[in-house]
Amino acid sequence: MGHSQPALQDLQNIRDFANQWGKIIARRAFGDAGPGLDVDLFTLEQFAQAAAQGLLQGTLTTLLEQQAQALPDQQPCPACQQLCTVTQELRTLDCLGGSFPYNEPVCHCSACRRDFFPSAAHLAPDRPQLHS
Amino acid sequence: MRLTGHSYTPELLYRLVTLGGQLPSAELAATAAGTAANIQICGRHLQRLVQEVGIDLARLRDQQAVQRRRRTLAPRVAAAPPVAVVEVDGGRLGTREPGVGPGVQQPQPKENKIAFLLSMEAATHADDPQPKPPPAFRDHPRVARLVRQIKAQTAPPAHEAPEPAAEHVAVESVPPDGPQPPKRLVRTCVASMHNSDTFGPLVAAEAQTRAFFDAPRQAFVGDGQQYNWSIQRAYFPHFEAIADFIHVLCYLYTAAWAVQPETAAHWQQYESWMTACWQGRVAEVVTELALWQERLGRPPPEAEPRDPRQLIQESLTYLRNNAPRMDYPRYRRLGLPVTSSWVESLVGEFNARVKGWDKWYNRGAGAEAILQVRAAVLSEDGRLARYFAEQPGNPYRRHRCSA
């Protein structure tokens with residue numbers, strides 16, 4: 001999955017794969033015997049939601065870390081193109097599942113006296129078309 | 001990462017701004033985000049996000065118009081639609097003077113302009129597929145209500161129209177015998193607070209991106225407002241200009257009341273004129289109205305809005321000005337719309353978000369921004385999702401003061 005826009009089949013495969021983790025979550029939450037008969041669906045859904053949020057946060061944290069590590073040690077300044085050292089700074093990002101920490105790659109250009117993000121090389125990769 | 005100075009991921013930002021454009025207020029959108037997705041954000045902050053995105057959408061829209069002028073604007077559709085329809089209308093929203101302190105300062109209602117662009121499929125016919133006016137236009141209580149809504153100042157008093165009977169409700173619910181309705185494909189819209197000189201190029205640019213100028217059948221529908229036809233002549237000269245039949249109907253109803261105040265005779269006169277216009281015999285109605293004008297005389301300058309002479313004069317002027325755009329049998333044969341009901345509904349959808357006694361937008365960027373977000377949400381081309389997909393993000397980061 002090296003492309004920027006995931007295919008529907010890829011997403012479905014991931015969904016099916018994550019579906020299997022439901023058994024692990026269920027065991028962690030209620031043990032091997034499962035929930036008692038007095039536990040209602042509202043409570044069960046709260047556990048499931050917490051698991052989904054945790055999965056979202058953990059996945060994004062890992063993927064972003066991998067991307068940050070893939071960056072070269074130096075990046076050109078968008079304004080003057082001078083090569084600047086990449087460092088990391090902790091930032092909190094909000095996603096659909098809540099907040100998660102992000103060690104953001106940051107560069108400082110001493111010539112321009114500005115901080116910048118080593119941003120993606122290309123913009124607007126997939127411009128959708130109308131059917132008519 | 002395409003991140004901006006905000007801490008939100010692009011997906012979350014997209015959903016928040018969509019809620020801000022869909023729901024009646026930013027406060028409600030924030031509540032909905034908290035309830036449905038457990039996203040904690042205050043209404044004021046969400047409003048600022050909507051504002052930022054709206055301003056940027058307006059910039060992109062204006063950029064598109066510049067590209068069109070320079071002939072560098074490419075269509076983003078694979079093929080031209082079978083039928084391209086452009087309808088233009090105006091609404092109103094409350095504005096306030098910005099930068100003069102908190103609260104609503106110097107409130108003024110201002111007109112916004114809204115264009116509705118629809119691609120559709122519709123059959124053509126050798127003969128007029130619906131020579132008889134639809135039942136809705138022959139339903140007295142319904143027509144009276146319609147006229148009161150559109151022409152409140154000159155509409156006959158409410159007691160002139162009979163009360164709606166039970167059978168009228170039944171008639172409305174039965175589909176009328178007539179041709180199959182056209183199949184709607186994709187709707188997009190353009191909205192702005194600018195005047196028609198600026199608005200025209202914006203609509204033309206949107207039409208160009210949708211390859212409307214290459215469509216085999218093209219229609220431009222508007223009410224009698226002169227600026228509609230200025231836009232049509234300047235930017236859509238090859239489109240079939242069509243005067244909205246509902247407005248025609250309103251003028252005929254008031255004129256019929258002016259010459260026949262008694263209820264039964266009024267309705268009979270209206271039906272006769274309305275049917276004539278529906279069947280393309282506008283010249284006959286103009287002749288009859290001119291005779292009535294000769295008989296009653298021209299209105300004096302101080303005439304009341306409901307003075308019969310005034311009503312006849314207005315109707316006659318309207319029909320004479322718009323007669324070339326009232327060849328309704330031909331439009332129906334070509335499968336083109338004869339009313340601007342689509343854009344009227346669209347204006348209602350805009351109003352649901354931007355209009356209200358408690359809604360005031362800063363004149364200039366404030367009002368323009370909310371219109372852009374609303375237009376993006378109401379357009380069926382995934383415009384807002386595309387905007388976020390195309391966002392480059394901010395390469396620079398905000399300076400942080402050391403603690």
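Chain naming here is simple, since letters A, B, ... match the order of the sequence lines and numbering starts at 1 in each.
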For this session: Considering non-hydrogen atoms only, spot the tightest contact between B:Ser7 and A:Thr92 and give its length.
Result: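 That closest heavy-atom pairing would be CB-O, 3.4 Å.
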
Problem set entry | Minimal non-hydrogen separation, B:Leu12 against A:Asp94, with atom names |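 In this case the closest contact between B:Leu12 and A:Asp94 is CD2-O, 3.3 Å.
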
Problem set entry | chain A neighbours within residues 46-56 of chain B, where any heavy atom lies under 4.5 Å away |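 Interface residues of residues 46-56 of chain B: none, nothing closer than 4.5 Å to chain A.
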
Exercise. Does any heavy atom of chain B fall under 4.5 Å from the side chain of A:Gln49, the backbone, both, or neither of them?
Worked result: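 No part of A:Gln49 comes within 4.5 Å of chain B.
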
Around [X], counting heavy atoms of other residues, nucleotides and ligands shown, do more than 12 lie under 6.0 Å from its [atom1]?
X: A:Asp73; atom1: CG; answer: no
X: A:Leu8; atom1: CG; answer: no
X: A:Glu45; atom1: CD; answer: no

Problem set entry | Atom pair CD1/SG of B:Ile39 and A:Cys95 - distance to nearest 0.5 Å |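 Rounded to the nearest 0.5 Å, the CD1-SG separation comes out at 9.0 Å.
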
